Undergrad: 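One structure coming up, written as structure tokens, with questions to follow.
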Amino acid sequence: MARNANNLEKLASIDAQLRLLAPGKVSEDDKLVEYDALLLDRFLDILQDLHGEDLKETVQECYELSAEYEGKHDPQKLEELGNVLTSLDPGDSIVIASSFSHMLNLANLAEEVQIAYRRRIKLKKGDFADENSATTESDIEETLKRLVVQLKKSPEEVFDALKNQTVDLVFTAHPTQSVRRSLLQKHGRIRNCLAQLYAKDITPDDKQELDEALQREIQAAFRTDEIRRTPPTPQDEMRAGMSYFHETIWKGVPKFLRRVDTALKNIGINERLPYNAPLIQFSSWMGGDRDGNPRVTPEVTRDVCLLARMMAANLYYSQIEDLMFELSMWRCSEELRVRANELHRSSRKDAKHYIEFWKKVPSNEPYRVILGDVRDKLYHTRERSRHLLASGISDIPEESTFTDVEQFLEPLELCYRSLCASGDRAIADGSLLDFLRQVSTFGLSLVRLDIRQESDRHTDVIDAITQHLGIGSYRDWPEEKRQEWLLSELSGKRPLFGPDLPKTEEISDVLETLHVIAELPSDNFEAYIISMATSPSDVLAVELLQRECHVKKPLRVVPLFEKLADLEAAPAALARLFSIDWYKNRIDGKQEVMIGYSDSGKDAGRFSAAWQLYKAQEELIKVAKQYGVKLTMFHGRGGTVGRGGGPTHLAILSQPPDTIHGSLRVTVQGEVIEQSFGEEHLCFRTLQRFTAATLEHGMHPPVSPKPEWRALMDEMAVVATEEYRSIVFQEPRFVEYFRLATPETEYGRMNIGSRPSKRKPSGGIESLRAIPWIFAWTQTRFHLPVWLGFGAAFKHILEKDIRNFHMLQEMYNEWPFFRVTIDLVEMVFAKGDPGIAALYDKLLVSDDLWSFGERLRTNYEETKHLLLQVAGHKHLLEENPYLKQRLRLRHSYITTLNVCQACTLKRIRDPSFHVKVRPHLSKEIVDSSKSAAELVKLNPTSEYAPGLEDTLILTMKGIAAGMQNTG
């Protein structure tokens, strides 16, 4: 869009400010500032067209004040910014908040294009040694070569380890994706336009057309309502999660596996990875995780399973005809020709609607005959699932569908064998091999569903049964008596209850869920997770209930240990479980245990939780080895550092030795799904990272900590826990301060998830879910749950003996776990700003609590100083200039949103807070009465003054985009 010279000068000033914040390039291939400036210019053009020069200049004024604050951290600049923002009409406030939220999304897209560009440059150069790639990336080819060349593993050892390795990525619907799916799709198109604009071979005409497309997409995204007006249902969450399979994962998996084949060939293995090697698997909690979520009912679980089954059949069906046309050859094995002739004869007799198809299939194209039968069964499989989903009944007989994956694989394997036997292996290893790998990975269910339920719910059901039988209250029995009774019933055959069992709504929910599991095909399900598990009876109770509800193929039962005390007691609980003969026979030498990062961090702070999780894994593995059981660790990680998040490569390689050993399950939550699978190149990179890091951990385990390191960690963890709990749980003013100083009480208005923010409607911090707990502190850039406790631990150790300083530095330099722990907290400090937190205090916290907030901010600064000393750094992120640059570009946008949020919260919470409002700036809104009416119409259920709720939600979403984690 052309502008006159004066307008261009005005638009350029914001770019100049941007370049002041990030002077120079961090490398020769750094185009981030250029990308960011282009997107910003295009957006400001659009903003001026839509809302006028005055509002565009207000955006620029806010940005410049934010940039000045970020340069000198002068609180006066925040006050000036607050004066500008509080003087705005409510309609203009919404536009300003939306503009900065949108600019942050554009900045994130510029980062993604830059990262992809640098990755391509490195691949062309064959250079994987820069940008800290050894610690942040896991290229599969580089990893295989390093294992063979540097670590002296034989190619055969590597191949054997790889084909027996499993990484199961479990998609969860925790409410952490604050960006609507419709916006994510538009962001993807903006990203593609930007990447193509900077292609070397672009023509002037192409450039002009791409620039126009870029502006269209930016405007379309800006004009799309960012706010979800109603909470998503679990089915909505599942559909959103499954959309990634359709868009990137479905085709990304065979593409990635071909890259693995190439990497193997380059180390001397002239054999492809077997199509059924379980290298990558996918599971889901969407529609199965009912822990504290009353909206996940048995009907929901049934719906999501049928929906996934229908989607899987449809994806296969959409590809099968292409495969039929590809396999047009006539040479085949005798085995296949006999089958084709049988199918040809029987199918022509069976149904009239097949006749036209079979007329078109010549008898000398036997592969098409076989695949035509597969196509028909896929059609019936899809339609039967669709009927069952819509009405609960279907007139399509089950025998005309695929009911298990072996039925599906058998004709495909027959075609593969025949092609190989006929001298056509090259053809067999084309699309057919890709298809086989898809079937092996996704099965008939696309993803397998985990069921998660709280242990107390199972106790309620068993208690109702024992009371109905007249043998007492199970709830009141000691653990030994519970186990004895459960085992006696598991060894017997009598039914325990009938339809006359008295049931509460909660009891019915547990039993009906198990009946759904029994009713649907077993390949819909993966594991049954018990949250808040503490003892063997928790596991045995679920085993008994599965039997009583006639689950033909019982789900494996997985205890989840979360809080600090539960993690400490977990090894002993597992040992007691393995000592039960009935259970040992049941599991056939395999057990899975889930460890929770979220609630453990909320319970004791990040430092103590990380160390206890590390020790618990070590002890659990020891117990499993003692009883001859292969243990798989299931890591319940969130997106933020406070909930166990961090770079995939670092997270895996910092785990204790022998705890992964070729078998890993890990949750992929909320916005992390988009960051990992939102684009084809992201999907490919994610699969590489998980696969390569898991292989490297198994074949080249990290060092074990020295005894003196352990002793130091134990001592520091005690101090860190004491410090954390003394403030979070024991300080009488803390809950009041937390709820005043953060937007925690307003969090639920975002409608970003189907589950309530609390497990119980009443209660304090302990009843609050880990996600809103982290989210609230992330919004104010104070990040208290991440760093609280670190400073006290370091201070205690250093005051006790100055020689401990050298040991801490030794630990940082030699022990991956400790280094990762410190580096992640350093990154959080780089994102933080106590000056912003102080502004929230000034506007929102009562005078008598100001000293408490000041004390916390002093703790923050002391902790940051000590952390830098331990890491041997003078400045935050001095070893990661790329991240440092990205954060500096983002922070000025975020600061405006922080000030806007704090001022909006003040206006919401304090009705007596009045400001002098300027006349309207936006040319879209003509007068005050129309503005208010339009705003009320947009959000008719809000009890706040017109415009305030939308402004608040937009600031929450924008800050979340800027911090790149929402929980």
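Counting begins at 1 with the first residue of the sequence. Just so it is clear, the model here is predicted, and its values are computed rather than measured.
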Undergrad: Taking the side chain as every heavy atom from C-beta outward, state whether H891 and L887 have any pair of such atoms under 4.5 Å apart.
TA: yes

Undergrad: Would the distance check show the side chain of N108 and the main-chain N or O of A961 forming a donor-acceptor pair, the cut-off being under 3.5 Å?
TA: yes

Undergrad: To the nearest 0.5 Å, how far apart are OG in S608 and CZ in F790?
TA: 8.5 Å

Undergrad: For A110, is there any backbone N or O sitting under 3.5 Å from a side-chain donor or acceptor partner on D36?
TA: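 Side chain of D36 to backbone of A110, a donor-acceptor pair under 3.5 Å: no, none is there.
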
Undergrad: Just do the side-chain hydrogen bond (donor to acceptor under 3.5 Å, both in side chains) check on Q76 and Y69 with the steps written out, would you?
TA: CA-CA 8 Å; Q76 180 64 32; Y69 167 76; over 6 Å; no

Undergrad: May I ask you to check whether Y614 and F817 place their ring centers less than 6.0 Å from one another?
TA: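 Ring-ring flag for Y614/F817: true, centres closer than 6.0 Å.
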
Undergrad: Is the shortest side-chain N to carboxylate O distance from E746 to R909 below 4.0 Å?
TA: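 R909 and E746: salt-bridged.
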
Undergrad: Does the pair R857 and E854 meet the rule for a salt bridge (charged side-chain N to carboxylate O under 4.0 Å, His left out), with working shown?
TA: CA-CA 5 Å; R857 288 190 291 279; E854 188 59 40; 3.3 Å; yes

Undergrad: So, using side chain to side chain contact (heavy atoms under 4.5 Å, CB included) as the criterion, who are the partners of A741 when residues are at least two apart?
TA: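 By the side chain to side chain contact (heavy atoms under 4.5 Å, CB included) rule, A741 matches Y737, D841, V845.
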
Undergrad: Has the side chain of N898 got a donor or acceptor atom that lies under 3.5 Å from a matching backbone atom of Q779?
TA: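 At least one qualifying donor-acceptor pair exists.
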
Undergrad: Knowing that exactly one of K884, K874, R819 qualifies, which makes a salt bridge (charged side-chain N to carboxylate O under 4.0 Å, His left out) with E879?
TA: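 It is R819, the one option of K884, K874, R819 that forms the salt bridge (charged side-chain N to carboxylate O under 4.0 Å, His left out) with E879.
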
Undergrad: Charged N to carboxylate O below 4.0 Å: is that the case for D848 and R733?
TA: no

